[in-house]
Amino acid sequence: MFVDSHCHLDRLKKSESELIDVVAAAEKRRVEHMLCVAVSVKEFEDMRNRVKGFDNVSMSCGVHPLHNEDVCSFDELLSHVSRDDVVAVGETGLDYFYSAETRDVQKASFVDHIIAANKVKKPLIIHTRDAREDTISLLKEHKEAHTTGVLHCFTESLEMAQEAMELGFYISISGIVTFSSASELRETVKQIPLNRLLIETDSPWLAPVPHRGKENEPANVVDVAYFIAELKGITVAELGKATTENFYTLFSHINK
């Protein structure tokens, strides 16, 4: 079995009936669970209404670092991530590739998310791009020992992955690993221990080979799994088992 540890089902250009088909297509490929990740607290209720009818879809809540216009107060964030139907805090993090000029706003929001995760004892879902030093530094400064999480859609250096894993974090790999331009990432993935690895689609974006140019869906996480299994020289069954176990270990608030 497989899980899609990070998708945005609410961002798919699908009607309600088409979304049912998307989830069914994932189930047909043995994707047993999907984590639908919020990018905005303001849009959380809309996301929830889109996916609440699916028993095999869980939800997170947070503010993406590129959604600076949606930054909310700490109390509002804490209220949302305290909900029983929210299993993780985020996505949050830092993105200096697209928005270096807002780094101060991003850092303040990221710290709020870390502290909220400390309080509610739920994992962090972190987006990080071209902000390696600040991401690790702020985690070391503000997270409590029990707080863990995942660096999602990871494309940074092996050194950053190792630092994050030392802090108790998992590393999640998306369809980017299948891209012809991702040779450095593939070498990094080879070095990530199986017990710290997750797989994802980041649907509706970043469709893996052979689905490039199409809207990405959770079913395609299986293609990511096959690619990584071959890369690491293991069977896809081993890869699926390990990443699924890692997912439920990290996101322990999910009722299987």
Side-chain angles (χ1 to χ4, degrees), residues 5-11 35-48 58-157 160-161 163-164 167-172 174 198 200 202 205-206 250-251 253:
S5 70
H6 192 114
C7 60
H8 303 278
L9 293 174
D10 57 314
R11 300 281 165 156
L35 178 52
C36 189
V37 177
V39 297
S40 167
V41 168
K42 293 178 182 177
E43 298 176 16
F44 174 78
E45 285 300 330
D46 289 338
M47 183 187 85
R48 181 179 180 275
S58 296
M59 295 175 287
S60 74
C61 188
V63 181
H64 191 287
L66 296 180
H67 284 248
N68 297 298
E69 70 280 4
D70 295 336
V71 169
C72 61
S73 70
F74 176 78
D75 288 343
E76 185 180 2
L77 174 66
L78 186 62
S79 174
H80 277 78
V81 300
S82 298
R83 297 168 57 136
D84 290 340
D85 58 356
V86 171
V87 303
V89 180
E91 64 185 283
T92 180
L94 304 173
D95 191 318
Y96 298 166
F97 180 83
Y98 282 114
S99 190
E101 71 279 4
T102 64
R103 66 178 62 200
D104 289 341
V105 174
Q106 291 185 45
K107 287 162 73 173
S109 178
F110 186 29
V111 170
D112 278 353
H113 283 72
I114 298 170
I115 295 171
N118 292 338
K119 288 181 177 293
V120 299
K121 294 182 170 58
K122 294 176 182 178
L124 285 158
I125 299 173
I126 296 175
H127 170 110
T128 179
R129 191 163 185 193
D130 282 7
R132 300 173 184 180
E133 184 176 332
D134 282 352
T135 299
I136 296 298
S137 175
L138 289 174
L139 285 172
K140 286 181 177 179
E141 182 178 356
H142 296 285
K143 93 170 192 71
E144 295 180 2
H146 64 78
T147 301
T148 59
V150 55
L151 301 191
H152 105 91
C153 195
F154 190 77
T155 57
E156 302 297 319
S157 66
M160 184 183 191
E163 285 189 281
L167 292 172
F169 280 72
Y170 290 78
I171 307 298
S172 184
S174 72
L198 294 174
E200 66 171 270
D202 204 14
W205 306 290
L206 305 176
L250 176 60
F251 299 107
H253 287 78

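Since the model is a prediction, treat every value here as computed from it, not as a measurement.
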Once rounded to the nearest 0.5 Å, what's the spacing between atom [atom1] of [X] and atom [atom2] of [Y]?
{"X": "Phe74", "Y": "His113", "atom1": "CZ", "atom2": "NE2", "result": "10.0 Å"}
{"X": "Ser60", "Y": "Leu35", "atom1": "OG", "atom2": "CG", "result": "5.5 Å"}
{"X": "Lys107", "Y": "Asp134", "atom1": "NZ", "atom2": "CG", "result": "4.5 Å"}
{"X": "Thr135", "Y": "Asp130", "atom1": "OG1", "atom2": "CG", "result": "10.0 Å"}
{"X": "Glu200", "Y": "Cys7", "atom1": "CD", "atom2": "SG", "result": "9.0 Å"}
{"X": "Leu198", "Y": "Cys153", "atom1": "CG", "atom2": "SG", "result": "12.5 Å"}

How far apart are the closest heavy atoms of [X] and [Y], and which atoms are they?
{"X": "Gly93", "Y": "Ile126", "result": "CA-CG2, 4.2 Å"}
{"X": "Gly149", "Y": "Pro123", "result": "CA-CB, 4.0 Å"}
{"X": "Phe251", "Y": "Ala88", "result": "CE2-CB, 3.6 Å"}
{"X": "Val37", "Y": "Gly90", "result": "CG1-O, 3.9 Å"}
{"X": "Asp70", "Y": "Ser40", "result": "OD2-OG, 3.1 Å"}

Between Arg11 and Glu43, is there a salt bridge with N-O shorter than 4.0 Å? yes
Would you call Glu163 and Lys140 a salt bridge, using N to O less than 4.0 angstrom? yes
Is there a donor-acceptor contact under 3.5 Å linking the side chains of Asn68 and Thr102? yes
Side chains of His127 and Gln106: is there a donor and an acceptor less than 3.5 Å apart? no
Per side chain to side chain contact (heavy atoms under 4.5 Å, CB included), Leu151 is matched among Ile125, Leu124, Ile171 by Ile171
Under 4.5 Å between any side-chain heavy atoms of [X] and [Y], yes or no?
{"X": "Val87", "Y": "Lys122", "answer": "no"}
{"X": "Val41", "Y": "Leu77", "answer": "yes"}
{"X": "Lys42", "Y": "Cys72", "answer": "no"}
{"X": "Thr147", "Y": "Ile114", "answer": "no"}
{"X": "Ser5", "Y": "Val150", "answer": "no"}
{"X": "Phe110", "Y": "Leu139", "answer": "yes"}

Assess whether side-chain contact (heavy atoms from CB on, under 4.5 Å) is satisfied between Cys36 and Met47, documenting all intermediate values. CA-CA 8 Å; Cys36 189; Met47 183 187 85; 3.7 Å; yes
Any donor-acceptor pair under 3.5 Å from Asn118 side chain to His142 backbone: yes
So, the side chain of Arg103 versus the backbone of Ala100: is there a donor-acceptor pair under 3.5 Å, distance only? yes
Evaluate the criterion side-chain contact (heavy atoms from CB on, under 4.5 Å) for residue pair Val86 and Val120; output intermediate values, then yes/no. CA-CA 10 Å; Val86 171; Val120 299; over 6 Å; no
Mind checking whether His152 and His6 have parallel, tilted or perpendicular rings, split at 30° and 60°? parallel
Residues which pass salt bridge (charged side-chain N to carboxylate O under 4.0 Å, His left out) with Arg48, listed by chain and number, not counting sequence neighbours: Asp85
Can you list the steps and then say if Glu91 with His8 is a side-chain hydrogen bond (donor to acceptor under 3.5 Å, both in side chains)? CA-CA 11 Å; Glu91 64 185 283; His8 303 278; 3.3 Å; yes
Is it the case that over 12 heavy atoms from other parts of the model lie below 6.0 angstrom from the CD atom of Glu133? no
